[in-house]
Protein chains: 2
Amino acid sequence: MAYESALRCLADPTRRRVFERLREGPRAVGELAAGLPVSRPAVSQHLKALKAAGLVLDRAEGARRVYFIDPEGLGELRRWLDRFWDQALDAFKHEAETHPPRRRPARGTPPPERKKP
Amino acid sequence: MAYESALRCLADPTRRRVFERLREGPRAVGELAAGLPVSRPAVSQHLKALKAAGLVLDRAEGARRVYFIDPEGLGELRRWLDRFWDQALDAFKHEAETHPPRRRPARGTPPPERKKP
DNA sequence: CACTTTCGTAAGCCATGACTTACGGTAAGC
DNA sequence: GCTTACCGTAAGTCATGGCTTACGAAAGTG
């Protein structure tokens with residue numbers, strides 16, 4: 001029940017930029033906000049959401065607060081996606097076998113026959 | 001530039017339910033809507049978004065329209081996540097080495113020493 | 001041809017949420 | 001102790017987008 005919140009978080013462009021920036025290494029809130037077109041409180045709110053989704057962790061460093069990626073939430077999302085991928089691929093193979101996709105016919109290729117049951 | 005739209009799509013709970021239902025196999029719009037608490041046009045709109053994100057494909061079957069998962073968009077999302085995972089894990093390891101996480105000390109375990117530079 | 005089924009789109013409504021400014025609280029510097 | 005730096009939260013604003021009903025098109029049914 002955590003990959004849902006992870007997806008929700010990563011869907012927002014700004015929040016994703018914050019997260020992708022964190023991929024390089026730990027960053028303080030001010031540093032993150034400096035590279036973004038939004039205010040510092042906005043970044044704080046995004047970080048709060050990311051933390052609630054298990055995507056980041058934070059550590060106090062004096063008056064500053066340093067955030068970094070938590071593999072926990074990311075891993076859960078990854079596992080969900082992997083399981084999804086396997087099932088989806090099986091379903092797609094079966095689809096391709098039973099209903100061959102309409103391809104744009106190459107030059108000189110006659111249009112495919114349609115069987116009439 | 002497609003994993004963004006995939007993330008956006010899968011963030012919505014209803015749209016995700018549609019997509020997860022499609023994981024089992026091809027389904028017509030009406031079938032999908034029957035199992036959901038929203039109207040059929042709502043499902044149509046979700047499918048439109050999913051298709052634009054490269055997450056589903058559709059095929060005409062008489063008056064009905066059958067949708068099924070397109071591995072294309074899902075694969076792109078998966079590749080993005082995998083690359084992200086690797087970098088994030090490296091960053092996390094480095095973080096754990098340089099800044100060992102504060103653990104709740106076990107019974108009898110003295111609080112960790114803080115070095116004062 | 002009339003009628004039904006199935007579906008996509010248009011238009012409008014409304015809640016969600018992303019952003020802002022304002023404020024208070026904690027730690028470092030002098 | 002006073003000031004400055006850094007940050008989280010509160011309150012309010014406003015656009016985005018998910019949902020509905022209404023309508024029209026295309027294909028099956030009689």
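Lettering of chains follows the sequences in order, A, B, ..., and the numbering in each one begins at 1.
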> Across the strands shown, which category fits B/Ala60 at heavy-atom distances under 4.0 angstrom: base, sugar-phosphate, nothing?
Replying inline: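 If one applies the 4.0 Å heavy-atom cut-off, B/Ala60 turns out to touch nothing in the nucleic acid.
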> At what distance, to the nearest 0.5 angstrom, does CD of A/Glu76 lie from CG of A/Leu81?
Replying inline: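 Those atoms lie 13.0 Å apart.
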>> Please report the interatomic distance CG(A/Leu7) to CH2(A/Trp80), rounded to the nearest 0.5 Å.
In response: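 Taking CG in A/Leu7 and CH2 in A/Trp80, the distance rounds to 5.0 Å.
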> Nearest to the side chain of B/Ala63, which nucleotide is it out of D/dC6, D/dG8, D/dA27?
Replying inline: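 The nucleotide sitting nearest to the side chain is D/dA27.
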Report the distance from atom [atom1] of [X] to atom [atom2] of [N], rounded to the nearest whole Å.
X       : N      : atom1 : atom2 : value
A/Leu32 : D/dC6  : CG    : C1'   : 13 Å
A/Lys48 : D/dG8  : NZ    : P     : 10 Å
B/Arg59 : D/dA26 : CZ    : P     : 21 Å
A/Glu61 : C/dT26 : CD    : P     : 20 Å
B/Leu47 : C/dT6  : CG    : P     : 16 Å
B/Leu10 : D/dG17 : CG    : P     : 16 Å
B/Arg16 : D/dG18 : CZ    : P     : 12 Å
A/Asp58 : D/dC6  : CG    : P     : 18 Å

> What pairs with B/Pro26 under side chain to side chain contact (heavy atoms under 4.5 Å, CB included), at least two apart in sequence or on another chain?
Replying inline: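 Here the qualifying residues are A/Glu95, B/Arg59, B/Val66, B/Phe68.
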> Quick one: what's the B/S/- string for nucleotides 14-24 of chain C, heavy-atom cutoff under 4.0 Å, read 5' to 3'?
Replying inline: ---SSBBBB--
> Between A/Tyr67 and D/dC6, is there a side-chain N or O to OP1/OP2 distance below 4.0 Å?
Replying inline: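 Negative; the distance criterion is not met.
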> So, are A/Arg17 and A/Glu20 salt-bridged, with charged N and O less than 4.0 Å apart?
Replying inline: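 Between A/Glu20 and A/Arg17 there is no salt bridge, as every charged N stays at least 4.0 Å from the carboxylate O atoms.
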>> What verdict does the side-chain contact (heavy atoms from CB on, under 4.5 Å) test give for B/Tyr67 and B/Leu57, after you've listed the backbone C-alpha separation in whole Å, the side-chain angles of each residue and the deciding distance to 0.1 Å?
In response: CA-CA 6 Å; B/Tyr67 285 84; B/Leu57 290 171; over 6 Å; no
>> Are A/Leu10 and B/Phe92 linked, directly or through intermediate hydrophobic residues, by side-chain heavy-atom contacts shorter than 4.5 Å (ILVMFWY only)?
In response: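 As far as the 4.5 Å side-chain criterion goes, A/Leu10 and B/Phe92 are not connected within one cluster.
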>> As a quick check of understanding, evaluate side-chain contact (heavy atoms from CB on, under 4.5 Å) for B/Leu89 and A/Ile69, giving each step before the final call.
In response: CA-CA 8 Å; B/Leu89 206 61; A/Ile69 290 186; over 6 Å; no
